[in-house]
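Below is one structure, written out as structure tokens, with a few remarks after it.
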There are 2 protein chains.
Amino acid sequence: MITSFAGESKHFLDEKSRLSIPAKYRRWLTEEDAEYTFVITKGADPCLIAYPAVEWDMFAEKLRNLSQFKKKNRAFIRTWSRNSIRLKCDKQGRILMPQRLLDFANIKKEVAIIGALNYLELWEPEMLKEHQESQIPLDDDYFEDLADIF
Amino acid sequence: MITSFAGESKHFLDEKSRLSIPAKYRRWLTEEDAEYTFVITKGADPCLIAYPAVEWDMFAEKLRNLSQFKKKNRAFIRTWSRNSIRLKCDKQGRILMPQRLLDFANIKKEVAIIGALNYLELWEPEMLKEHQESQIPLDDDYFEDLADIF
DNA sequence: TATTATTGTGGGTAGATGTGGGGAGAAATC
DNA sequence: GATTTCTCCCCACATCTACCCACAATAATA
């Protein structure tokens, strides 16, 4: 049973590009994920996504069954996988962030960590603000559709 | 349990055409694949594919079931086999790349290594870029089909 | 408020990793 | 058999990673 991530907090990269993962999020990994491991990937929005490795592995396991004889499958796996990196927290609960990913999300020093159910979002605070402002507001139609599910 | 390959990193062939396989990928072989052995083959896309020897053997096992009486099967098996080479990493974790394969993927010096679940893709970076750009984007239909699986 | 425990931050350093190149022995060629 | 080419071991060394310890900041407890 995975407890859902929730909340938002602000953190800073140190001189060595290490990001400290809040203890409350780390704690949720211990049971299933022996080694405090996340898989970090580029988000569909201009942010980074951190999945508990277990979550990511479950999805990867399914993708593995896609036939490699289909071009589209290969393309999808390639795109999805090349942006994902498996990263382990050090003994102090920090993750060494690759520059390539930081650049994608435009993260310099400040990072907003958002718990979003079964993954974490990592935002450069200014980007997050802009993104939220430029967002088309959720309209009634959206919630009508939601109502079909709930 | 095989951990999935993921991520992308840039490497260079040295003067002796040796390619250093990132330690994180090598490590995933140790358990099952005693000797850091990969089978490298020409990809369906213009890149090289490196399978852990174990994975390749499993695939070969499936091919064995194809009927020899069909001309196309024989052709396929022949092509597949002759393009595959079993290669072991040296003590420093490098693989000596045959020129024939390098030429196929147009690799000169720079190599992008992409972890794609149960195999590695080796790309000449410029080829990769072109290939990704010329790719027909994955459309809604594709994801509709995927949704049937997941 | 004082005390203790937990968490976050900084930085030194040993060991792991990546890269280059010499050279012994194997394999191929003459 | 002699010569050349190739393969792969070894060593060297620069760089990177992740450990460790120290201590500040915060939260939890008495």
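Letters go in sequence order (proteins before strands), and every chain restarts at 1. Computed from a prediction, not measured in an experiment: that's the story for all the values here.
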Separation of [X] atom [atom1] from [N] atom [atom2], in whole Å?
{"X": "A/Leu87", "N": "D/dT17", "atom1": "CG", "atom2": "P", "result": "10 Å"}
{"X": "B/Gln92", "N": "C/dG21", "atom1": "CD", "atom2": "C1'", "result": "11 Å"}
{"X": "A/Glu15", "N": "D/dT17", "atom1": "CD", "atom2": "C1'", "result": "17 Å"}
{"X": "A/Arg94", "N": "D/dC20", "atom1": "CZ", "atom2": "P", "result": "12 Å"}
{"X": "B/His11", "N": "D/dC16", "atom1": "NE2", "atom2": "C1'", "result": "13 Å"}
{"X": "A/Ile85", "N": "D/dC16", "atom1": "CD1", "atom2": "P", "result": "15 Å"}
{"X": "B/Lys91", "N": "D/dT7", "atom1": "NZ", "atom2": "C1'", "result": "14 Å"}
{"X": "A/Asp90", "N": "C/dG8", "atom1": "CG", "atom2": "P", "result": "12 Å"}

Exercise for the section: Respond yes when some side-chain nitrogen or oxygen of B/Arg27 is under 4.0 Å from OP1 or OP2 of C/dT17, and no when none is. Expected result: yes
Problem - Any B/Arg26 side-chain nitrogen or oxygen under 4.0 Å from OP1 or OP2 of C/dA16 - result: no
Non-hydrogen side-chain atoms of [X] and [Y] separated by less than 4.5 Å:
{"X": "A/Met97", "Y": "A/Ile40", "result": "yes"}
{"X": "B/Val111", "Y": "B/Leu13", "result": "yes"}
{"X": "A/Ser81", "Y": "B/Phe5", "result": "no"}

Handout entry: Pair B/Glu55-B/Asn118, side-chain donor/acceptor within less than 3.5 Å
Key = yes
Exercise for the section: Would you kindly say whether B/Lys108 and B/Asn106 are connected by a side-chain donor-acceptor distance under 3.5 Å? Expected result: yes
Exercise for the section: Could you tell me, to 10°, how much the axis swings from one end of the helix from C/dT1-D/dA30 to C/dC30-D/dG1 to the other, five pairs per end? Expected result: 30°
Practice task
Decide, yes or no, whether a salt bridge links A/Lys62 with A/Asp57 under the criterion of side-chain N to carboxylate O below 4.0 Å.
Solution key: no
Fill in the blank from the handout: When rounded to the nearest 0.5 Å, the distance separating NE2 of A/His11 from CD1 of A/Ile107 is 12.5 Å
Practice task
Tell me which of B/Pro22 and A/Lys16 sits closer to the 5' end of DNA chain C, going by the nucleotide each one is nearest to.
Solution key: A/Lys16
Handout entry: Donor/acceptor link under 3.5 angstrom from B/Arg18 side chain onto base of C/dG21
Key = yes
